[in-house]
Undergrad: 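One structure coming up, written as C-alpha cells, with questions to follow.
From a predicted model like this one, the values you see are computed outputs, not experimental measurements.
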Amino acid sequence: MRGGGGGREDEEVSRKLKSMDVDKLEDGGGDERPPRPAVKYHGWKAMPFIIGNETFEKLGTLGTSANLLVYLTQVFHMRSVDAATLLNGLNGTTSLAPIIGAFLSDAYLGRYLALAIASIASLIGMFLLTLTAGADSLHPPECSVGETCEKASSYQFAVLFIAFAFLVLGSAGIRPCSMPFGADQFDPNTESGKRGINSFFNWYYFTFTAAMMLSATVIIYVQSNVSWPIGLGIPTALMFLACVLFFMGTRLYVRVTPEGSPFTSVVQVLAAALKKRTLKQPKDPKQDLFDPPHTSAIVTKLAHTDQFRCLDKAAIVASPEEVRQGGAAPADPWRLCSVQQVEEVKCLIRIVPVWSTGIIYYVAVVQQSTYVVLSALQSDRRLGRGGFQIPAASFTVFAMLAQTLWIPFYDRLLLPKLRKMTGKEEGFTLLQRQGIGIALSTVAMVISAIVEDRRRAIALSEPTLGTTITGGAISAMSSLWMVPQLMILGLSEAFNLISQIEFYYKEIPEHMRSVAGALAFCNLALGNYLSGFLVTIVHRTTGSGQNWLAQDLNKGRLDLFYWTIAGIGVFNLIYFVICARWYRFKGTSN
C-alpha cells in the first residue's frame, strides 16, 4: 500500500524509485527490487482488443438490458409498474457493483484479472438468460390479448435472478476497469501519450454508443419480432467473441500491479486527524507539517491547499517519536500521515459535491429505458406503409445516434477551433461540459412532458389503433414525436457522461483510477434507485385518485411525472453551478 509520499528510510531506494517509469507491473517489480526496464507502451496497437472487447460486451449485455422491460412484461407477465421498479433496482445494482469491483481491482486483483473474471461472468449470465427464454420450463406459458396470463413461478424467477446476478458480477469488473485499463496503455509522460488518452475517452465512448445503436436496432428487432431465444442467443455469442478478443491481446497489455487497498490511506488520515483534533492549526504548513520526499513515479505530487484544514492536523508532528529515524517515514501511520496523503483525501472530498449532482441528472436519463418504452408501446410505431413497426425498446437508438454523431464532430471539427478560441487543450472545461449536459437533460424532460400530454390527448379524443398486451389503447400519434426528446437526452449524455468519467480519472489520485471509472456508474446506480423511489412515491401518492403512473398510460398523467423531474433538474443545475465555482482542481496551489 502506497502511503501517498510516506517515503522510505533508505534514501538510495528513494532515488531509485523516483527514476522508475512505473512503480510496479504485474509481471514483476516491487518496492525493494532493482528498477525494471522502462515499460513499453503499445498505445493504439492494444486498442482493437480492449475496445473490441468492450464493443462486443455492450452488444451482448447492455443491448439486452434495453429490452428487459418488454421481456419482463410480455414473457414473464409482470405488471408494468412492478417491471419498471425491478428494472430500476437491477440497473441500480448493476451500476453500483462497479464500486466494489473497483476496490477489489485496485487493492488485490489488478485491472486485467478483474476484466478477465468479469467477462466470463457476463458470458455465463447471458447464457442463463437465454435459457429462460429458450426452455419452456423456465418461463410462463404464452397468452394472447384479453386472456388472463399465468404468473411466473418462484423457480422461474430464481433462474432469472441468478442470470441477473452473473450479469451484475460482470458489470462489477468491466465497467470500472475497461476504460482505465485502456488509458493505462498510453504513456502519460509524453505528448503523444497525453493526446492519446484524451482521444481515447471520446473514441471509446463513440464505439460504445455505436455498439448500443446496433443492439438497439438489430438485436432488439430479432427479440421482439422473430424469437426471444434467438434474440438472446445472438448477444450470448457476441459476449463469447468479446472474451476471445480480450484474451488475444494479453501479450500487448501494460498491467499495473495492485498495491493494496487505496482506502487504507484515507482511513489513516481521518483517524490521525481525529486523534489530533485538539491540536492548534499549524502557522506555517510548509515547515510544520510532515512532508517527506515524494518517491512515486505514478502518483502526482500534490501541493498543500487551504481547504479542509482540519485534516492538516493528521500531518502535524506532535513529538519526535512519531517519525522514524531518518525522517522519511512515520513510526505509526495511524497517528501521523504525510501532506501527500492528506491532499489525496482532500481531492476525494472536493469531488463529492460535483459527483452528487450526477445522481439527480441520471433520474432523467434512466427514463429512456422505462417510461419512454411504455409510451412507445402505446403510440403509433408504424414506419412507412409497409406495416413495419419500430420495436418499443429500439427508441433508445435515437439517443445513441445523437451521441454517435456528436462525438466525432466535437473531437475532429469543433474541438480544434475551441482550443484556439479558449487556449485550453480540452476546449470546454470538464465542468462546463457537465453543466451543459445537466441543462440539456432538463430541456429533454420538458419536451417529454409536452409530447406525452399530446399523445394522451390524441388517445382520448381520436380513434385508437388497437390495444397492447397489457390492455392499454394505442394512440394514433406517431411515436416519432419522441425522437427530439431522446436526441437531446443523448446529446446531454455526450456532454455529461464522458466529461464525468474524464473528470474523475484526472482528479482522483492515480492509484485509485478504477474507483474513478466506477464513480459515474455509481451515479447511474443511485439515479436508478432515486427514479424507482420517485415512481413508488408517485404511484402510492396518486393511486387513490388519478394515478399518474397507471398501468394504462392513457388513464394516468405521465406528463406530470416528467414535469416533476424537470423541476428537480432546474434545482440540480443551480446546485451544480455553485459546486463548480467552488471546486479547486487537483494540483492547484493556494
Side-chain angles (χ1 to χ4, degrees), residues 65-91 139-153 156-157 160 224 363 366-381 389-396 445 448-449 451-477 479 481-482 528 531-565:
S65 68
N67 210 23
L68 275 180
L69 187 68
V70 178
Y71 185 67
L72 293 174
T73 54
Q74 295 188 359
V75 177
F76 274 74
H77 306 153
M78 294 181 67
R79 292 191 309 160
S80 59
V81 170
D82 294 335
T85 303
L86 173 60
L87 195 57
N88 278 323
L90 174 63
N91 290 338
H139 63 260
E142 295 183 9
C143 64
S144 303
V145 177
E147 294 182 357
T148 301
C149 298
E150 182 180 330
K151 302 297 182 182
S153 66
Q156 291 167 341
F157 272 122
L160 180 68
S224 301
V363 172
V366 299
Q367 301 311 314
Q368 62 183 305
S369 63
T370 52
Y371 279 100
V372 167
V373 176
L374 295 175
S375 293
L377 286 171
Q378 289 191 239
S379 303
D380 183 4
R381 293 180 284 120
Q389 285 196 342
I390 305 173
S394 291
F395 277 85
T396 56
M445 285 296 98
S448 298
V451 171
E452 171 57 24
D453 181 59
R454 180 63 179 165
R455 186 207 64 77
R456 176 176 171 273
I458 291 176
L460 296 177
S461 62
E462 299 181 12
T464 58
L465 303 179
T467 306
T468 66
I469 193 171
T470 58
I474 300 174
S475 173
M477 188 196 82
S479 55
W481 281 105
M482 293 191 292
N528 273 286
S531 176
F533 176 73
L534 285 175
V535 168
T536 302
I537 293 298
V538 169
H539 186 66
R540 291 180 178 178
T541 303
T542 63
S544 57
Q546 185 180 25
N547 191 340
W548 289 6
L549 304 176
Q551 177 79 359
D552 180 0
L553 295 183
N554 299 329
K555 298 178 180 178
R557 292 301 304 271
L558 179 59
D559 58 313
L560 297 181
F561 181 62
Y562 285 151
W563 279 116
T564 301
I565 297 175

Undergrad: Are any non-hydrogen side-chain atoms of Thr467 and Ile474 less than 4.5 angstrom apart?
TA: no
Undergrad: Show the numbers, then the answer: is there a side chain to side chain contact (heavy atoms under 4.5 Å, CB included) between Glu452 and Tyr371?
TA: CA-CA 10 Å; Glu452 171 57 24; Tyr371 279 100; over 6 Å; no
Undergrad: Looking at Lys151, I want to see if its NZ is surrounded by more than 12 non-hydrogen atoms of other residues, nucleotides or ligands under 6.0 Å.
TA: yes
Undergrad: Of the non-hydrogen atoms in Asp380 and Ala476, which two are nearest, and what is the gap between them?
TA: CB-O, 3.8 Å
Undergrad: Please report the closest heavy-atom contact between Gln367 and Phe561, naming both atoms and the distance.
TA: OE1-CE2, 3.6 Å
Undergrad: Please give me the minimum heavy-atom distance between Gln378 and Asn554, naming the atom from each residue.
TA: NE2-ND2, 3.2 Å
Undergrad: What pairs with Thr564 under side chain to side chain contact (heavy atoms under 4.5 Å, CB included), at least two apart in sequence or on another chain?
TA: Trp548, Ile568
Undergrad: Test side chain to side chain contact (heavy atoms under 4.5 Å, CB included) on Leu90 and Leu68 and set out the steps.
TA: CA-CA 10 Å; Leu90 174 63; Leu68 275 180; 3.8 Å; yes
Undergrad: Report the residues that fulfil salt bridge (Lys or Arg N to Asp or Glu O under 4.0 Å) with Arg557, sequence neighbours left out, ordered by chain and then residue number.
TA: Asp559
Undergrad: Tell me every residue that passes salt bridge (Lys or Arg N to Asp or Glu O under 4.0 Å) with Arg79, counting only those two or more places apart in sequence or in another chain.
TA: Asp82
Undergrad: Could you check whether any side-chain heavy atom of Arg455 comes within less than 4.5 Å of a side-chain heavy atom of Leu553, counting everything from C-beta outward?
TA: yes
Undergrad: If I take atom OG1 from residue Thr536 and atom CG from residue Leu549, how far apart are they, to the nearest 0.5 angstrom?
TA: 9.5 Å
Undergrad: With sequence neighbours left out, write down each residue that passes side chain to side chain contact (heavy atoms under 4.5 Å, CB included) with Leu72, or none if nothing qualifies.
TA: Met78, Ala83, Leu86, Leu160
Undergrad: Counting only N and O atoms by type, is there a donor-acceptor contact under 3.5 Å from the side chain of Arg381 to the main-chain atoms of Ile390?
TA: yes
Undergrad: Could you tell me the separation between the CZ atom of Arg456 and the CD1 atom of Ile458, rounded to the nearest 0.5 Å?
TA: 12.5 Å
Undergrad: Using the ring-ring contact (aromatic ring centres under 6.0 Å, His included) criterion, which residues pair with Phe157? Sequence neighbours excluded.
TA: Phe76, Phe161
Undergrad: Looking at every non-hydrogen atom in both residues, tell me the closest pair between Ser375 and Leu558 and how far apart they are.
TA: OG-CD2, 3.3 Å
Undergrad: Over all heavy atoms of both residues, which pair between Leu465 and Ser475 is shortest? Give the atoms and the distance, please.
TA: CD1-O, 3.8 Å
Undergrad: With sequence neighbours excluded, tell me which residues meet side chain to side chain contact (heavy atoms under 4.5 Å, CB included) with Val451.
TA: Ile447, Met477, Trp481, Met482, Gln485
Undergrad: Determine the minimum heavy-atom distance between Ser479 and Ser379, stating which atoms define it.
TA: CB-CB, 3.7 Å
Undergrad: Using 0.5 Å steps for rounding, measure from the CG atom of Leu374 to the OG1 atom of Thr73.
TA: 7.5 Å
